Amino acid sequence: MKNELRKDVEMMYYACEEHIELALDIVVDEQELAPTIDKITDKEMLSTKCSFCENGALYSIKA
């Protein structure tokens, strides 16, 4: 049971232009669901970092 993925838990990543494909691959591989991709607002960009580097995020990816 420990290694079983929980489909009821929402997964969310923030990604810069360089890491958007990585975030998509992770969500699809781990959740086996099509992700929702949203462009974050200009206001959010000021304080939101990419989940994979220190660059500012451009997208939120959820499943």
Side-chain angles (χ1 to χ4, degrees):
M1 277 253 161
K2 275 197 255 181
N3 294 331
E4 221 174 276
L5 291 176
R6 294 197 47 192
K7 305 284 187 228
D8 60 334
V9 175
E10 187 174 277
M11 188 178 221
M12 184 165 177
Y13 291 99
Y14 292 102
C16 62
E17 194 69 41
E18 182 180 345
H19 292 111
I20 184 72
E21 288 183 37
L22 175 60
L24 291 171
D25 288 344
I26 290 171
V27 170
V28 170
D29 287 346
E30 291 184 4
Q31 297 291 309
E32 298 178 353
L33 296 170
T36 301
I37 305 164
D38 294 309
K39 189 158 176 91
I40 62 175
T41 64
D42 289 338
K43 187 177 178 181
E44 289 174 310
M45 277 187 214
L46 296 174
S47 61
T48 307
K49 299 288 182 195
C50 176
S51 298
F52 307 97
C53 69
E54 290 297 314
N55 292 333
L58 299 174
Y59 306 97
S60 65
I61 301 92
K62 301 179 226 182

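Since we're looking at a predicted model, the values are computed, not measured.
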What residues form a side chain to side chain donor-acceptor pair (under 3.5 Å) with Y14, not counting sequence neighbours?
none

Which pairs with one or both residues in residues 25-51 pass ring-ring contact (aromatic ring centres under 6.0 Å, His included), sequence neighbours excluded?
none

Locate the shortest heavy-atom distance separating C50 from C16; write the atom from each residue and the value.
SG-N, 3.5 Å

Which donor-acceptor pairs under 3.5 Å do side chains of residues 33-43 form with protein atoms, sequence neighbours excluded?
from : atom 1 : to  : atom 2 : distance (Å)
T41  : OG1    : E44 : N      : 3.2
T41  : OG1    : E44 : OE1    : 3.3

ring-ring contact (aromatic ring centres under 6.0 Å, His included) contacts touching residues 29-51 (sequence neighbours left out)
none

Just verifying a value: how many Å separate I61 CD1 and I20 CD1, rounded to the nearest 0.5 Å?
3.5 Å

Pairs meeting criterion ring-ring contact (aromatic ring centres under 6.0 Å, His included) with involvement of residues 17-48, two or more places apart
H19-F52

If a pair satisfies side-chain hydrogen bond (donor to acceptor under 3.5 Å, both in side chains) and one of its residues is in residues 47-63, list it, with sequence neighbours excluded.
E17-Y59

With the 4.5 Å side-chain cut-off for hydrophobic clustering, are M12 and V27 part of the same group?
yes

